[in-house]
Trainee: 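Here it is, the structure in full.
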Amino acid sequence: MARPTIERPDFGGPFPEHLAIIMDGNGRWAREQGLRRVLGHSEGVHSVREITTECARMGVKSLTLYAFSVENFKRPKAEVGFLMRLLAKFLVDERPTLMNNGVRLRAIGRLDELPKNALAALRETERLTERNDGMLLRLALAYGARAELADGLRRFAREVAEGRVRAEDIHDETLRDYLYDPHTPDPDLLIRTAGELRISNFLLWQISYSEIYVAKECWPQFRRPQLLAALEDYARRVRKFGGLVNDAPAPRSDSARPGLPAR
Ligand code: IPE
Ligand code: IPE
Ligand code: MG
């Protein structure tokens, strides 16, 4: 079974096991080149290939790419049709690259909303790659975090009604079991390209403690150097998960006394 030699860059700090990316700015990139918007999506496929291959070679365990949101169905029919044809072609064309790099592909989202041929290509690529033991590539397709939570809650409510789950058994982690892919740990690092400072309905539950990095480059320009810049930045982050880090400076004695305002 193909498996790339792992060459992890060392920036002297932590390295993300799960990387999630909001691939934004295809349309803007195309417009800047004087091209039609949709040609930005075609160009973006080259970035998907390069980033997937690089992540697999660097030993990233899971890579989740936001490729098409439920809200993206609101776009003009011609653009949605173009994206769906591009997706179906991508899922066929990339099979050798995925196999050569030991990548397992899986999708999350309301997949039954995809056109039949795209869904068939997806199922076949998932089947062909399911025994690869390298990186997991998750494509978020017809995905929305609110849709994911609604779908999960609907299933949960049904199980409560059938008496299979009791309200008293609900705890912080319970909802995870009702998400699309409960077994993949939460993203450590979330990257958004094209400079936008928003989440756009991506993995709302799972990114509670993810580190966020925004790249100014549009997705078609996001390649290995830009990925390395994000990873270098992540290596300097201190993740506290609400706790304290051991080497934090001790508070001054007067500001530590209860009831006294800190100076
Ligand atoms: C991201 O690029 C791809 C999808 C959302 C499908 P956009 O198409 O959103 O590009 P901009 O943001 O309009 O430049
Ligand atoms: C987010 O980008 C969705 C994907 C990258 C697939 P959008 O371009 O749809 O997000 P908004 O509309 O700018 O928030
Ligand atoms: Mg956009």
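Just so you know, residue 1 is the first one in the sequence shown, and it goes up from there. Order of appearance sets the numbers: ligands from 1, and atoms from 1 within every ligand.
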Trainee: Can you name the N/O/S atom of Asp24 that is nearest the Mg ion (ligand 3)?
Mentor: OD1

Trainee: Would Arg75 count as a polar contact of ligand 1, with the cut-off being nitrogen or oxygen pairs under 3.5 Å?
Mentor: yes

Trainee: Show which atoms of ligand 2 fall inside a sub-4.0 Å distance from at least one heavy-atom site of Phe68.
Mentor: 6 (C)

Trainee: How does Phe202 reach ligand 2, if at all, at less than 4.0 Å between non-hydrogen atoms: by side chain, backbone, both, or neither?
Mentor: neither

Trainee: Measure the distances from the heavy atoms of Arg28 to every atom of ligand 2 and state whether one is below 4.0 angstrom.
Mentor: no

Trainee: With a cutoff of 4.0 Å, is Gly25 in contact with ligand 1, counting heavy atoms of the residue only?
Mentor: yes

Trainee: Using heavy atoms and a 4.0 Å limit, tell me yes or no: is Cys218 in contact with ligand 1?
Mentor: no

Trainee: Please indicate whether any nitrogen or oxygen in Ala67 is less than 3.5 Å from any nitrogen or oxygen in ligand 1.
Mentor: no

Trainee: With a cutoff of 4.0 Å, is His41 in contact with ligand 1, counting heavy atoms of the residue only?
Mentor: yes

Trainee: Just to be sure I read this right, does ligand 2 sit under 4.0 Å from the backbone of Lys74, its side chain, both, or neither, counting only heavy atoms?
Mentor: neither

Trainee: Answer yes or no: does an N/O atom from Asp24 fall short of 3.5 Å to an N/O atom of ligand 2?
Mentor: yes

Trainee: Using a strict 4.0 Å threshold on nitrogen-to-oxygen distance, state whether Arg28 and Asp24 make a salt bridge.
Mentor: yes

Trainee: How many angstroms lie between CD1 in Ile108 and CG in Leu179, if you round to the nearest 0.5 Å?
Mentor: 9.5 Å

Trainee: Using heavy atoms and a threshold below 4.0 Å, how should the contact between Met23 and ligand 2 be classified: side chain, backbone, both, or neither?
Mentor: backbone

Trainee: For Arg146, is the CZ atom crowded, meaning more than 12 foreign heavy atoms sit under 6.0 Å from it?
Mentor: no

